[in-house]
Amino acid sequence: MNQREEGHLRIGELSQRTGISPELLRAWERRYGLLRPARSSGGFRLYSAADEARVRRMKVHLTQGVAAAEAARLAQRTTADESPTRSLALLRSELGGVLEAFDEAGGHRVIDVALDSFSIDAVISDLLVPYLDDIGERWARNEVTVAQEHFASNLLRARLLALGRGWDAGYGPRALLACPEGELHDLGLILFGVALARRGWRITFLGANTPLHTVIATARDVRPDAVVIAVTDPIYLTGVNDELAVLAGSNQLILAGRGTDGTAAAVGAELFDTDPVSGAERLAAAAP
Amino acid sequence: MNQREEGHLRIGELSQRTGISPELLRAWERRYGLLRPARSSGGFRLYSAADEARVRRMKVHLTQGVAAAEAARLAQRTTADESPTRSLALLRSELGGVLEAFDEAGGHRVIDVALDSFSIDAVISDLLVPYLDDIGERWARNEVTVAQEHFASNLLRARLLALGRGWDAGYGPRALLACPEGELHDLGLILFGVALARRGWRITFLGANTPLHTVIATARDVRPDAVVIAVTDPIYLTGVNDELAVLAGSNQLILAGRGTDGTAAAVGAELFDTDPVSGAERLAAAAP
Amino acid sequence: MNQREEGHLRIGELSQRTGISPELLRAWERRYGLLRPARSSGGFRLYSAADEARVRRMKVHLTQGVAAAEAARLAQRTTADESPTRSLALLRSELGGVLEAFDEAGGHRVIDVALDSFSIDAVISDLLVPYLDDIGERWARNEVTVAQEHFASNLLRARLLALGRGWDAGYGPRALLACPEGELHDLGLILFGVALARRGWRITFLGANTPLHTVIATARDVRPDAVVIAVTDPIYLTGVNDELAVLAGSNQLILAGRGTDGTAAAVGAELFDTDPVSGAERLAAAAP
DNA sequence: ATAGGTTTTGTCAAGCTTTTGTACAT
DNA sequence: ATGTACAAAAGCTTGACAAAACCTAT
């Protein structure tokens, strides 16, 4: 919902659409704060679709005999808790249920609902990352088979890579993404890529199990603005400090994953050990 | 993008095509940067097809009452903004904007984004069906021209039939799909076919304006597990009760479309008056 | 170019045929270089059939309102790239070119073109399999970096998994697909899955690097009609004969990949060592 | 609800240049 | 056939204008 509230209407059009006079619309804004229009450079009010909806609700309440001040409160409140059908927490457990039963259609359905109701950032942070953490833990406790984990990963990977299609297009800065040799789990890296692409970066994706020397060569080739190396376990960074240092020498190098602080300090890389969305946000905020 | 990136039109021709005066086109360029034409060696403006599409989108927004400055912003955004995921509701209004501006590339782009981000079921239920309902209503209110409706229908039909490619193959039960004589709108039927094919059924598609005796003959031939007759208006079912009864006698017959309950009861058919995806789900759930 | 360079028309005749005055034809030649007639010994212009076609295209563009200078450019250009369909062989080298340059958009474009003009089976057999073989060989000869191979694989995997979306739905027999532990290349397996799904089978996909004991457990769970284990190298089948035998005991087991004949014979599995499409066809033909 | 001032936006005009079909002289 | 000339049509830029729509404050 961070998005640009669009469809900017001027007061005359809103008046026509809703049947409320401009004067009254201004009065409702002043008296009850019902509307909070943007302004044009010259000062004209510019209303969003949400504003229009609020006015309509206000009208409904008025015709039901509610007093204006109260009607305005109701009209606003409804906006606030216009909470999408199901919470992401709920969807997370649903996702686990269907994926671990090898139910492909069910998996896609849950993701459809999530993407339609929430921003991608939210879906990543509050559905996918928690679910992946969760399945990882349960796998460690032997509550989930490798097959279930594979099935879930493959479905999610397919879905996320489809979301990422075209992430190399545009004009923004470019990031080169890879997991080092041995590291086979690239879902976190994909999540990071999707979140970063949302912020206007272009992504060149090398994926799991990529020897660092080839990352170095590719970096020379595509000249990225940042190189991101992600691991799920610091073990995959043993013995590659030299190569990391080379990368850090000629690029902004980011190490993502828990337990990588030591290595990051040693080779002169930045450390990102939080969730993918925060990481993407942090990188984008410091953009060139 | 190898396509006619050019097709350079001069301002008079663009004016004729779009119905916007040359002066105004220049003003929009100067004031909002809506157009960025190339120039001939002598300084004449040379507009591309993308420019033309942008002008058309601008017009659409203007007729919807959006102020010129904002309309220009919206008209530009859809082309420029490759942003990955939006909600299906948002995509719906974008789809309307581009299709009603006769912007073919834009239409495909919106559908691409939708299919990348959501499953086909969701795209049908929450993007295409609502959009078709919407354009139907606005057509009834004379807010959309026949040409716009035709353009949109044809683009969507082509796209959906491509999705349906190969829907006759496989192992599942078979459905025979047709609209009766006089009924020219088969998009709903195609949507139903796509949703049903995704559930493993094989589809034999006869399409719009098919006399029922032809359907009867075909049903004898291919022996479908279900025959689906869809209409947008019950008027197309007048005077064919006998033929429908024949169909219902030897097949599972389904009538789809609002206002068909009377006929369905009279001839012994099942009534499906909800959206295509639910209908397909219902039929598939009751599978042989 | 060797073509009937003849048909030599003089300017009067060309004028009559095209309805363009001789003066104007000469003007177009002088001003835009639209025509490049041969000359008779006496200096008369002698036009070829290509010239005539160019004039006709020029006329078409003019009636569409394109300015003369631009119409001439278009009329000439269209001649040049009049290559409607490219062969899959040609597309293969294009695909290599773009993917190995880390050009994501280009990769998708090539695949779009291929899928637009050819069946999925053909695209698999004559574009993707040959390309993957090719890149494999060049990788072995160190002509391709690991990064290039990873980039290409990830893009193709994303695209193919998108094609496979929903492959678990329907009524057909079910196949359980996996690569054994250690085997990280699952693209061939995905190709097989796509080809099989096109034939009405349902797919449960476990993907690369899946220990066989978990495949056994999953097979008990989802009761597939066939289990497909694919490798790129028989080395990944060492030491798992017992588990394969268990699988073969309670399922139709298929081993896919070159060099697996020994193992297949030993454990009682079927051997598929041809391309994915033939394999899928063979399995589907012997369907329950 | 009105008054008095501002912004937005479509339109027009003046003076000059480019484009393009046709005509004419050699 | 060639080259030049020409004039109508179409465009360009700058600047300005006025009606409609909107603002705030009373």
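Quick caveat: nothing in here was measured; it's all calculated off a predicted structure. Sequence lines set the chain letters: A, B, ... in the order given, protein chains first and strands last, and positions in each chain run from 1.
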- [ ] Would you confirm whether B/Arg54, through its side chain, and B/Leu34, through its main-chain N or O, come within 3.5 Å as a donor-acceptor pair?
- [x] yes

Open item on the list: Tell me the closest heavy-atom pair linking A/Asp51 and A/Pro37, and the distance in Å.
Closed with: OD2-CA, 4.1 Å

Task: Nearest heavy atoms of B/Arg57 and B/Ala101, plus distance in Å - done: N-CB, 3.3 Å

Task: nucleotides 18-26 of chain D: protein proximity per nucleotide (B base, S sugar-phosphate only, - neither; heavy atom, under 4.0 Å) - done: BSBBS----

- [ ] Report the distance from atom CD1 of B/Ile20 to atom P of D/dT9, rounded to the nearest whole Å.
- [x] 14 Å

Task: Nearest-angstrom distance from the residue atom CG of B/Leu25 to P of D/dT9 - done: 16 Å

Open item on the list: Using OP1 and OP2 only, check whether a side-chain N or O of A/Arg45 sits under 4.0 Å from E/dC22.
Closed with: no

- [ ] Give a yes or no answer on whether the side chain of A/Arg202 reaches the backbone of A/Gly172 with a donor-acceptor pair at less than 3.5 Å.
- [x] yes

- [ ] Could you name each residue pair satisfying side-chain hydrogen bond (donor to acceptor under 3.5 Å, both in side chains) that touches residues 35-45 of chain B, not counting sequence neighbours?
- [x] B/Glu29-B/Arg45

Task: Distance in angstrom units between A/Glu13 CD and E/dA20 C1', rounded - done: 15 Å

Open item on the list: Between B/Glu100 and B/Gln148 (side chain of the first, backbone of the second, donor and acceptor by atom type, cut-off under 3.5 Å), is there such a pair?
Closed with: no

Task: Heavy-atom donor-acceptor pair, C/Glu104 side chain to A/Trp167 backbone, under 3.5 Å - done: yes

Task: Spacing of C/Leu35 atom CG relative to E/dA1 atom P, expressed in whole Å - done: 13 Å

Open item on the list: Between P on E/dC22 and CG on A/Leu46, what's the gap in Å once rounded to a whole number?
Closed with: 10 Å

- [ ] Identify which nucleotide among E/dT24, E/dA1, E/dC12 has an atom closest to any side-chain atom of A/Arg26, counting heavy atoms from C-beta outward.
- [x] E/dT24

TODO: Mind grabbing the angle between the end helix axes of the helix from D/dA1-E/dT26 to D/dT26-E/dA1? Five pairs an end, 10° rounding.
DONE: 20°

TODO: Give a yes or no on whether the backbone of B/Ile20 and the side-chain of B/Ser15 come within a donor-acceptor separation of less than 3.5 Å.
DONE: yes

